[in-house]
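Since this is a predicted model, take the numbers as computed values, not measurements. In what follows, chains are A, B, ... by sequence order, proteins preceding strands, each numbered from 1.
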Amino acid sequence: MSENLSKFFEAFVDSSSVFKNKRVLQSDYSPDSLQHRDEQIGQIARIMAPSLRMEKPSNLFIYGKTGTGKTVTVKHTLTELLGVAKSRGLPIVTIYVNCKLKRVADTEYRLIANLISELGSDVPSTGLPTDEVYKIFYSLVDKKKLLFIVVLDEIDHLVRKAGDDVLYNLTRINSELKNSIVSILGISNDLMFVDNIDPRVKSSLGEEELVFSPYDAKQLKDILFERSKIAFIDGSLQQGVVEKCAAIAAREHGDARRAIDLLRVAGELAEREMANTINIEHLDHALSTLERDRILDIIKTQPVQFQTTLYSIFLALRNQEKLDASIFTGSVYSIYQDVCKQTGLRALTLRRVSDIIAELNTLGIINANVISKGRGGRMREIRLGIPESLHDKTLNIIKSTLELN
DNA sequence: GTCAATTCACATGAAAGAGACCACGGTCTAGTG
DNA sequence: CTAGACCGTGGTCTCTTTCATGTGAATTGACGA
């Protein structure tokens, strides 16, 4: 057996892979040159340039959907800026924080704690009063004369969870500092986000704004070609694969990250088959694999109550005999109560379940719309958002977490 | 027939509570010289 | 005498509950033509 296995590994190593440099297709890779973002790079550079004279650059706010190159562009531009600063001996420091990462920077306290740790110091992950942490941060920043550029990626996430007080406090930092200057660069996926924040914060944080529009199919194609030249062995991509990949991604609001993922998975599938070219079938297959993994992964990582709610939705729809029909909050909740009784789980209130349904909706697992039936009341109309081919798998996942049969 | 008021069944907001974590400082205990 | 174990306190964070308020259109009922 182990002989077989080692043979397999040998064969795997020897088989001509389609990849030359797979890292280029990984999500954390940032390319040396950016395509179709010259204009934005120029604008960011113009806004940030005063920092090289040790003047405070305007706070900058960047919007754009996922995969439009916001993060990469910002990182790219700041790296260049830091290069110049370094060669001139200017004390400029950039800090990059992704506010979406759970347990890293998704609350006010943790954000500041994170900034502190970026500055090479440490505070406990919990236990201190928030203003204490602020004080530590201030003293740390103000110790030397420095110019900080703080990049807050996915800032909409932070505000949604922690409220806009955070931003207000951050924008006030400069008035507390004697020596140093802090400039904030916020990145948001949500275009509507700014409408919901405190006007005071809005004016001070959004001194400058920049919008990243989605890539169109042609631009995506250019990007994919560029990457695939480095990533794949010459000639391993069949005609039309990149074009189709670009077209798929363009259809889904021009998400370049997704397009690149798609290409990578297609390559992995081809590699697994020991094929030495990637064809359209691989791409189609990759598309469904990616989608399947995403959905199953989301479901698997949901808390018990979420899974129970989803299970109740399944049951409610099954009672109606047709899974593509829709049901309403009330019937889901009564079934949910039965399920809880059955499993011995403590049943939550309708209020909470209603929120859970709303959250499942934003995850895309279900589609729920609020409708009014006039005197019949107002409620959510709920449908499953999971493709039928995955129904059995999701039910199995849920049943195993609920220890049901 | 028309129009405003009513009503239903939740949606949505706000505030507050419970319980899990964690750090810190003080006290107790056991081991060491 | 000292290091480590063990509390109590005070803080944050997440998930919930409770209480209150909001909402959109079918229904109702008064009113006038």
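- When the nearest nucleotides of DNA chain B are assigned to A:Arg375 and A:Ser331 by heavy-atom distance, the more 5′-ward of the two goes with A:Arg375.
- The six-membered or imidazole ring of A:Phe314 lies away from that of A:Tyr311, with a centre-to-centre distance of 6.0 Å or more.
- Comparing A:Gly374 and A:Ala358 by the nucleotide of DNA chain B that holds the closest heavy atom to each, the one mapping nearer the 5' end is A:Gly374.
- Checked against B:dT12, B:dA9, C:dT16, the side chain of A:Met379 finds its nearest nucleotide in B:dA9.
- Regarding A:Phe306, its CZ atom lies at a distance of 13 Å from the P atom of C:dT14, rounded to whole Å.
- Residue-to-nucleotide proximity on DNA chain C shows that, of A:Arg378 and A:Pro303, the 5′-proximal contact is made by A:Pro303.
- No N or O donor and acceptor, one from the side chain of A:Arg352 and one from the base of C:dT16, sit under 3.5 Å apart.
- Rounded to an integer number of Å, the gap from A:Ile371 CD1 to B:dA9 P is 13 Å.
- Residues A:Gln305 and A:Leu348 have side chains in contact (heavy-atom distance under 4.5 Å, counting atoms from C-beta outward).
- Proximity note for A:Thr349 (side chain, C-beta onward) versus C:dT18, C:dA25, B:dA9: the nearest is C:dT18.
- In terms of heavy-atom proximity, A:Arg264 sits nearest to A:Phe19 at O-CZ, 3.6 Å.
- For A:Ile357 and C:dT16, the CD1 to P distance is 14 Å, given to the nearest whole Å.
- Protein atom CG of A:Leu350 is 12 Å distant from nucleotide atom P of C:dT18, rounded to whole Å.
- At whole-Å resolution of the value, CZ in A:Arg380 and P in C:dG24 are 14 Å apart.
- Between B:dA11 and A:Ser354, a contact under 4.0 Å exists linking OP1 or OP2 to a side-chain N or O.
- The residue A:Ala347 sits close only to the backbone: its heavy atoms come under 4.0 Å of sugar-phosphate atoms, none of a base.
- Note on A:Thr329: a side-chain N or O is less than 4.0 Å away from OP1 or OP2 of B:dA11.
- A straight line from CG of A:Asp355 to P of C:dT14 spans 16 Å, rounded to a whole angstrom.
- Looking at heavy atoms from C-beta onward, A:Val151 lies out of side-chain contact with A:Thr71 at the 4.5 angstrom threshold.
- Residue A:Arg351 places a side-chain atom within donor-acceptor reach of the base of B:dT12, judged by atom type and a 3.5 Å distance cut-off alone.
- Taking atom CD1 of residue A:Ile382 and atom C1' of nucleotide B:dC10, one finds them 11 Å apart after rounding to whole Å.
- Rounded to whole Å, atom P of C:dT23 lies 18 Å from atom CG of A:Asn369.
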Determine, stepwise, if the pair A:Arg380 / A:Ser354 fulfils side chain to side chain donor-acceptor pair (under 3.5 Å). CA-CA 9 Å; A:Arg380 283 201 180 83; A:Ser354 176; 3.2 Å; yes
